[in-house]
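Any value given below was found using the heavy atoms of this structure, including those in side chains, with hydrogens, waters and symmetry copies removed. Proteins get letters first, then strands, A, B, ... in listed order; numbering begins at 1 in each.
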2 protein chains.
Amino acid sequence: MSIEASPPPARRARRSPEAARENILAAAEALLTERGPQALKLTDVAAAAGISHGTVLHHFGSIADVQTALMERMIRQLVAHILAADPPTEDPAAKADFGARALFDAFESRGAARLAAWLELTGETRRLTMVREAVQEIVRGRLAHHGADPAAAEDLILVSVLLAMGVGLFGPTLADLLGKPADAPRRLALDLLRRQIASLPPA
Amino acid sequence: MSIEASPPPARRARRSPEAARENILAAAEALLTERGPQALKLTDVAAAAGISHGTVLHHFGSIADVQTALMERMIRQLVAHILAADPPTEDPAAKADFGARALFDAFESRGAARLAAWLELTGETRRLTMVREAVQEIVRGRLAHHGADPAAAEDLILVSVLLAMGVGLFGPTLADLLGKPADAPRRLALDLLRRQIASLPPA
DNA sequence: GCTACTATCGACAAAAATGTCAATAGAAGC
DNA sequence: GCTTCTATTGACATTTTTGTCGATAGTAGC
């Protein structure tokens with residue numbers, strides 16, 4: 001008999017192609033948000049997903065393809081998350097405030113802000129075309145016919161997105177750096193936006 | 001005689017250790033801002049600096065040390081850039097406005113915003129201690145004794161930094177995405193801050 | 001000029017990351 | 001059960017990236 005007892009041969013999981021890809025992308029997303037883009041190595045992703053790196057290549061072809069698939073998946077999730085927000089009121093100012101909060105939620109949860117920074121740093125911003133369409137839908141479909149000046153509404157959205165991404169990406173670090181409570185960035189940014197919303201020319 | 005004429009042996013440059021390190025870090029900084037953190041490979045940095053990669057290792061020991069040296073250098077430059085801004089007026093509101101513009105300049109020029117994103121994504125935010133001290137100096141030395149509420153001033157600084165970093169990092173892409181002129185993010189963000197400054201409780 | 005020092009280079013080596021492939025093993029259909 | 005299909009694996013190969021080392025070549029001091 002051999003000195004080492006042979007371990008019970010672990011049953012090998014066999015997923016559907018879709019489930020396999022999903023498993024890999026979920027692991028990659030966790031790696032991205034927890035350890036940054038440079039952690040998206042083939043071996044690391046495979047280990048995080050609990051499979052061999054050959055399997056990753058079987059499903060995606062290359063690690064670069066894993067990364068682009070992850071970008072597109074996260075962008076889709078982000079857009080869906082933002083579009084899903086449905087304001088429960090008709091008052092324009094309240095709707096704008098609700099939209100701003102939804103925007104901040106979207107960029108503070110998960111790794112959305114890190115995704116944006118990742119795209120920016122790697123110059124992959126061309127993948128954001130679908131975001132453009134989503135924003136246009138919001139501007140045209142939800143704001144324009146409320147009587148507010150469309151240009152002013154667009155400007156408001158622009159600074160709102162800027163602030164939401166800034167808070168999502170830098171908020172925690174900045175709060176810590178200034179000795180402020182962790183929720184201060186979000187609160188202050190939303191206060192600022194509320195004031196701006198209130199000053200919008202009414203319908 | 002040989003078929004190929006031997007090229008004139010290019011005279012080999014010999015820099016002082018300080019100049020050599022400076023040359024390497026400048027090349028690395030250009031790489032970072034133009035092609036992102038993942039471009040900071042040993043060979044790429046050496047090529048950008050016009051030297052062999054062995055020389056880079058001679059001066060820094062490892063590519064990781066090049067990166068940390070670059071982080072610290074850029075942080076120092078950023079802090080110096082911000083602290084150097086000297087408002088030419090005594091009016092508190094005008095001073096605040098001037099400070100905001102200086103902040104935006106700092107994060108829009110060079111790769112300061114990209115540096116911040118790089119630090120955030122890699123979890124190297126502990127290197128920002130000197131930034132904390134610089135901010136405290138500004139808050140205590142320049143704002144506090146002007147009669148404005150110190151807490152309000154700090155909050156104002158917080159959102160200003162958030163906006164400045166957001167504009168510096170995402171401004172161009174976001175403007176393009178929304179079909180706005182390239183200077184729209186900066187202009188809108190500064191407008192927003194001006195309004196907030198004006199509403200500060202006077203001395 | 002000569003020497004000492006060392007920044008620089010290039011060839012080599014090691015390590016890390018990516019990719020290839022044949023064999024294996026679940027699962028579904030028969 | 002048997003066959004077919006293919007997701008999965010592990011061993012191997014290739015490429016990329018990083019690091020080592022001895023030799024070379026500027027430069028300063030003499």
Legend entry - Any residue meeting salt bridge (Lys or Arg N to Asp or Glu O under 4.0 Å) with Glu22(B), in chain and number order, not counting sequence neighbours: Arg73(B)

Inset, instruction - Only counting residues at least two apart or in another chain, list the ones meeting salt bridge (Lys or Arg N to Asp or Glu O under 4.0 Å) with Asp155(B). - result: Lys180(A)

According to the salt bridge (Lys or Arg N to Asp or Glu O under 4.0 Å) rule, which pairs have a member within [range], sequence neighbours left out?
range: residues 59-69 of chain B; value: none
range: residues 48-62 of chain B; value: none
range: residues 161-170 of chain B; value: none

Inset, instruction - Return the residues of residues 23-36 of chain B meeting this criterion: a heavy atom under 4.0 Å from some atom of DNA chain C. Order them by number, or give none. - result: none

Please write out each protein N/O paired with an N/O of nucleotides 27-30 of chain C under 3.5 Å, distance rounded to 0.1 Å.
unit_1, atom_1, unit_2, atom_2, d
dA27(C), OP2, Arg11(A), NH2, 2.4

Inset, instruction - Ignoring backbone atoms, test whether His58(A) places a side-chain nitrogen or oxygen under 4.0 Å from the OP1 or OP2 oxygen of dG19(C). - result: no

Inset, instruction - State whether Thr55(A) places a side-chain N or O below 4.0 Å from either non-bridging phosphate oxygen (OP1 or OP2) of dT9(D). - result: yes

Inset, instruction - Using side chain to side chain contact (heavy atoms under 4.5 Å, CB included) as the criterion, list what pairs up with Ala102(A), not counting sequence neighbours. - result: Ala85(A)

Legend entry - Donor-acceptor contact present, side-chain Thr55(B) to main-chain Ile51(B), <3.5 Å: no

Which donor-acceptor pairs under 3.5 Å do the side chains of residues 33-46 of chain B make with protein atoms, sequence neighbours left out?
unit_1, atom_1, unit_2, atom_2, d
Thr33(B), OG1, Glu29(B), O, 3.4
Thr33(B), OG1, Ala30(B), O, 3.2
Gln38(B), NE2, Arg35(B), O, 2.9

Inset, instruction - For each nucleotide in nucleotides 14-21 of chain D, reading 5' to 3', give B when a protein heavy atom comes within less than 4.0 Å of its base, S when such contact involves only the sugar-phosphate, and - otherwise. - result: ---SBBB-

Could you pull out every donor-acceptor pair under 3.5 Å between side chains of residues 115-122 of chain B and any protein atom, sequence neighbours left out?
unit_1, atom_1, unit_2, atom_2, d
Glu120(B), OE1, Thr173(A), OG1, 2.9
Glu120(B), OE2, Thr173(A), OG1, 3.0
Thr122(B), OG1, Trp118(B), O, 2.7
Thr122(B), OG1, Leu119(B), O, 3.3

Inset, instruction - With sequence neighbours excluded, tell me which residues meet side chain to side chain donor-acceptor pair (under 3.5 Å) with Asp91(B). - result: none

